[in-house]
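Structure record follows, encoded as structure tokens.
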Amino acid sequence: MKEYQEQKLSRSMNLFDVVCLGINGIVGAGIFLLPGKLAAVTGSFSILIFVICGLLCLAIALCFAEMGGIYQETGGAYIYARNTFGPMVGFMVGWMMWLSAIIGWAAMARGLLLYLRYFSPSLSEGWLGEIIIIILILGLSTLNFLGVKIGARVINFFTIGKLIPIFIFIACGFPHIEISSLDQIFSFEVNNLGTTIIIALFAYTGFEHLPVLAGEMKKPGRDIPIAFFLVILGTTLIYALVQTVATGTLPGLAQSEKPLADAAVNFLGPAGGTLIAIGALLAIAGVNSGIALTGPRNLFALSADGLFPAVFSKIHPRFHTPYVAIGINTFLTLILSLTGTFEYLIFASVLVSILQYIPTCLAVIVLRRKRPDITKHYTIPGGYIIPCLALLTCFLVLLQIKLIIIIATLGVIALSLPFYFFRKKGPINRKSGLYHS
């Protein structure tokens with residue numbers, strides 16, 4: 001490992017970069033597809049569903065914020081689990097994070113083809129669609145190989161690019177809202193509440209990527225907690241406003257497969273539909289860029305700790321990026337994206353994301369009891385109430401996942417255990433990464 005540790009990752013990401021990383025990880029295809037599905041189940045109460053889900057996700061995000069204010073090294077949830085529950089649990093969480101990144105990237109790459117159909121069906125079919133996927137994955141990998149700052153700038157571009165059409169949709173749509181369409185905003189059926197919350201929660205997954213790059217942030221202890229607040233609260237406000245406009249301007253919202261585009265056509269004409277379609281493409285491309293940046297760092301973290309071959313933690317002497325890990329992620333994502341189906345990839349990605357949330361939420365509780373003296377940049381108020389609420393939310397989501405997907409995903413996770421047990425025995429190679437006052 002010594003020859004690989006001579007080069008270090010570059011701490012070049014500022015608070016703006018971290019916030020964009022978080023927003024970009026959340027705001028993807030979900031908000032462009034879910035408004036119609038939510039309206040079909042709960043009508044105008046779907047506006048408040050996003051508020052409820054925002055609060056539930058904030059509980060989980062605050063657990064990440066407290067842990068992110070303690071540890072400063074690359075790895076995110078893997079580091080929290082490793083330092084709290086030991087190397088074996090940490091390894092399994094790290095494996096899930098790496099698996100989630102590859103599955104998520106493959107899913108989002110295929111998701112891009114779905115939105116290209118708005119412009120031309122031929123762009124998403126046959127060999128042309130496969131070439132587009134290959135260009136997207138290889139292009140983003142190349143940019144991330146050239147430096148974390150370049151990768152961060154790409155994410156910043158896509159984040160701003162996707163938010164502009166959404167802001168135009170909100171600003172131009174509000175004057176056209178039919179107030180009568182919002183009369184039933186406080187009416188809902190209790191039996192439908194759980195299902196609707198689960199659907200909406202899918203639009204929030206992705207914020208866990210935010211602390212993965214802590215080792216490449218200028219001030220991770222300060223910026224990670226602040227970013228989580230800004231990202232979750234800002235995203236919740238955007239989602240609620242988008243749902244309000246869609247509900248108030250599109251009478252057939254519940255039947256629409258492309259709700260924002262159809263609503264925009266009502267008050268902006270055909271140009272509005274095109275604008276929203278472009279925003280959707282930027283949103284999905286942005287999620288692709290975020291996973292392309294964070295995914296290889298999961299493999300890097302496992303390798304740097306001696307849990308995977310040391311070659312995966314090699315850092316490029318000029319660009320200061322984990323270039324071998326980037327290459328491996330790119331290769332596996334290409335294979336999965338060209339062979340997997342979009343629907344399975346999405347559900348598997350969400351499941352693996354939830355499975356890595358749980359150890360982080362538990363780590364907050366355990367670390368408070370085991371290490372009450374540890375230096376923190378942020379502590380969740382209210383004792384154990386919020387971490388317990390976060391755990392309850394995670395288990396609620398798990399109950400909604402199909403059993404076959406859970407079994408298949410757990411089987412893949414089980415395949416990781418031989419890597420752990422047959423690794424070269426020895427202590428964890430990296431320092432604890434704790435902050436010291």
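Hydrogens, waters and symmetry mates are skipped; everything else that's a heavy atom, side chains included, is used.
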Quick check against the 3.5 Å criterion: does Asn144 have a side-chain atom that pairs as donor or acceptor with the backbone of Leu140?
yes
Nearest 0.5 Å, please: how far is CG in Leu21 from CD1 in Ile26?
10.0 Å
Between Ser303 and Leu299, is there a donor-acceptor pair closer than 3.5 Å when you use the side chain of the first and the backbone of the second?
no
Check whether Asp17 reaches the backbone of Asn14 with its side chain - one donor and one acceptor, N or O, closer than 3.5 Å.
yes
Hey, is the main chain of Met217 close enough, under 3.5 Å, to the side chain of Arg11 for a donor-acceptor pair?
yes
Looking at Ile385, I want to see if its CD1 is surrounded by more than 12 non-hydrogen atoms of other residues, nucleotides or ligands under 6.0 Å.
no
Proximity of Phe169 and Phe267 rings by center, below 6.0 Å:
yes
Between the side chain of Arg368 and the main-chain N/O of Gly383, is any donor-acceptor distance below 3.5 Å?
yes
Quick one, Ile386 and Val364 - any side-chain contact, counting heavy atoms below 4.5 Å?
no
Please check if atom OH in Tyr384 has more than 12 non-hydrogen atoms from other residues, nucleotides or ligands closer than 6.0 Å.
yes
Side chain proximity check, Val245 to Leu260, heavy atoms < 4.5 angstrom:
no
Between CG of Leu15 and CZ of Arg222, what distance do you get to the nearest 0.5 Å?
6.0 Å
Between CD1 of Ile238 and CD1 of Ile170, what distance do you get to the nearest 0.5 Å?
6.5 Å
Taken to the nearest 0.5 Å, the spacing of Leu34 CG from Cys53 SG works out to 9.5 Å
Within the side chain of Thr249, is there an N or O that forms a donor-acceptor pair under 3.5 Å with the backbone of Gly173?
no
Just wondering, do Met97 and Thr294 contact through their side chains at under 4.5 Å, heavy atoms?
no
Enter the distance from Cys57:SG to Phe64:CZ here, rounded to the nearest 0.5 Å.
11.0 Å
Taking the ring centre of each residue, are Tyr357 and Phe207 less than 6.0 Å apart?
yes
For the backbone of Cys63 and the side chain of Tyr80, can you confirm whether one donor and one acceptor N or O come within less than 3.5 Å of each other?
no
So does Gly215 get a backbone contact from the side chain of Glu73, meaning a donor-acceptor N/O pair under 3.5 Å?
no
Can you find a heavy atom in the side chain of Ile60 that is under 4.5 Å from one in the side chain of Cys394?
yes
I want to know whether Phe312 and Trp98 have ring centres closer than 6.0 Å.
no
Are any non-hydrogen side-chain atoms of Phe300 and Ile326 less than 4.5 angstrom apart?
no
How about Arg297 and Leu293: do any of their side-chain heavy atoms sit closer than 4.5 Å?
yes
Please check if the side chain of Thr84 supplies one atom and the backbone of Ala81 the other of a donor-acceptor pair under 3.5 Å.
no
Using the side chain to side chain contact (heavy atoms under 4.5 Å, CB included) rule, pick out the option among Ile47, Ile49, Val41 that qualifies with Phe45.
Ile49
Under 3.5 Å donor-acceptor, Lys376 side chain and Glu66 backbone
no
